[in-house]
Number of protein chains: 2
Amino acid sequence: MRPVPTSIAVKLPKAAELIAERGLDQTKIEDIAEATGIPKTTLYYYFVGKEEILVFLQRDLLAEVADAVAIAVDTDGTAADRLREVMRAQLRVMAERPAVWRAFIADLGRAARLPELVEALANAYYAPVEQLLGEGGADGSLRCSEDPATTAMAIFGAATMVGLRHVLAGHDLDAERMAEQVIAFVFGGLAA
Amino acid sequence: MRPVPTSIAVKLPKAAELIAERGLDQTKIEDIAEATGIPKTTLYYYFVGKEEILVFLQRDLLAEVADAVAIAVDTDGTAADRLREVMRAQLRVMAERPAVWRAFIADLGRAARLPELVEALANAYYAPVEQLLGEGGADGSLRCSEDPATTAMAIFGAATMVGLRHVLAGHDLDAERMAEQVIAFVFGGLAA
DNA sequence: TGTAATATTGTACTTCGAGTCCCACATAGT
DNA sequence: ACTATGTGGGACTCGAAGTACAATATTACA
């Protein structure tokens, strides 16, 4: 993949909508070309195939998540406060870029097969969250979890599924409201 | 899709492994034919295309989830007890059929695009769980949740992601142990 | 048991889209 | 002006999806 100039990059999110709608394999390169206004030949100049176009978008999305999470982690407050911020950040990104997020989830398997993306997600999300879980145990703002990696995964799963439901349903979801619900669930638990 | 005889059905899970490994579009019909021992022509006799083969497997998996969940729901005990059983059931199915589950997640987007499967998942999982959440509020074994649908989604997400991590990592995961961790998370919450 | 319907399979074919090639032109750096 | 690199058009190749058809097996049932 050559470095993609912004003139191209800005047009690509249009492709995400197609891919989210139909899936990658039902999306012809020609369709992407037409939707984005980038000729097929030019697409092949930058990307080795249509997979790579999706990877570009996914990478971009993860970078955004990483930024948002990093900002949240750097907030003042207890680890619990900052974890809440992280979850809000995640759902905010989902709400802001529903098409790319849908494309991401729609091709989760592909993403999982690419070590680069797995690592990107780990760095963007799990690592900071695990860090927070550790700090929360230390500062007393969070219950100490014996397996932070699993807990981080569970948090991500809970937030992602809830977001996904809205994104798939096509509501323009109220990220803050949704975040508060997930936060209540994740912090309070179900026990009476 | 014609009714698929068991002689065919029992061979299809072999295909799930291929699909889980490479994704559906990297899996040639010929590969599926070779792996399962079912000739291409016969596959086309029963399925209109390779998508439908995956749908068949996904439908089958959801039926298994539905059964396991239904049994769990019918257990004696408080709603909380039964919800715990449901989560164990889910992770047990994931652990038992890792390939199909991976294929399912790998093509989550496709599944989400098929109303039939969305409904099947809703009936198999969300509906019973929402029901349990309601009963738990009534019998006092669960904290009353103001939005049971969202809570059900979050529970499913937490369990699924945790299971997914193990399934993708290729550990043969200890479903019971994993279930206890997720249960602890879901019931206890993170708050100190 | 004979016969019709349906299932199973091989071989050859059509079709369609991904990805390539090559050529033309534009733009920019030196 | 002239070389690099980017942009784009149009025709091409090639591989895999899916189809057509014919041959054989199996089942249903009269």
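Every chain is numbered from 1 and lettered A, B, ... according to where its sequence line falls, protein lines coming before strand lines. Since we're looking at a predicted model, the values are computed, not measured.
If you measure from atom CG of B:D25 to atom P of C:dG17, you get 15 Å, rounded to the nearest angstrom. Summarising the geometry, the separation between CD on B:Q26 and P on C:dA18 is reported as 13 Å, rounded to the nearest angstrom. Here C:dA7 presents its C1' atom at 13 Å from CD1 of B:I38, a figure rounded to the nearest Å. Rounded to an integer number of Å, the gap from B:E30 CD to C:dG10 P is 11 Å. Between B:K40 atom NZ and C:dA12 atom C1' there is a gap of 10 Å when expressed in whole angstrom units. If you take CD1 of B:I8 and P of D:dT26, they are 14 Å apart, rounded to a whole angstrom. If you measure from atom CG of B:L24 to atom P of D:dA17, you get 9 Å, rounded to the nearest angstrom. As rounded to whole Å, 17 Å separates atom P of D:dC21 from atom OH of B:Y44.
Pairing for C:dC21 goes to D:dG10, judged as Watson-Crick or G-U wobble with the two contacts each under 3.5 Å. Pairing of C:dT27, defined by two Watson-Crick or G-U wobble distances under 3.5 Å, is not identified with any nucleotide.
Neither OP1 nor OP2 of D:dG9 sits under 4.0 Å from any side-chain N or O of A:T41. One finds a side-chain N or O of A:K50 lying less than 4.0 angstrom from the OP1 or OP2 phosphate oxygen of C:dA18. Contact annotation: B:R2 side-chain N/O to C:dA7 OP1/OP2 distance is under 4.0 Å.
In this structure, A:I155 and A:L83 have side chains that are in contact, with non-hydrogen atoms separated by less than 4.5 Å.
A syn base is found at D:dA4: its glycosidic angle is within 90° of 0.
Donor-acceptor pairing under 3.5 Å is lacking for the side chains of A:E176 and A:Q181.
With respect to B:R102 and B:E17, no salt bridge is recorded, no charged nitrogen being found less than 4.0 Å from a carboxylate O. Ion pairing between a basic and an acidic side chain is recognised when a charged N comes within 4.0 Å of a carboxylate O; B:R82 and B:D76 show no such pairing. Using a 4.0 Å cut-off between a side-chain N of Lys or Arg and a carboxylate O of Asp or Glu, B:K14 and B:E34 do not qualify as a salt bridge.
Distances were taken from every side-chain heavy atom of B:Y45 (C-beta onward) to each of D:dG6, C:dT6, D:dG18; the shortest belongs to C:dT6.
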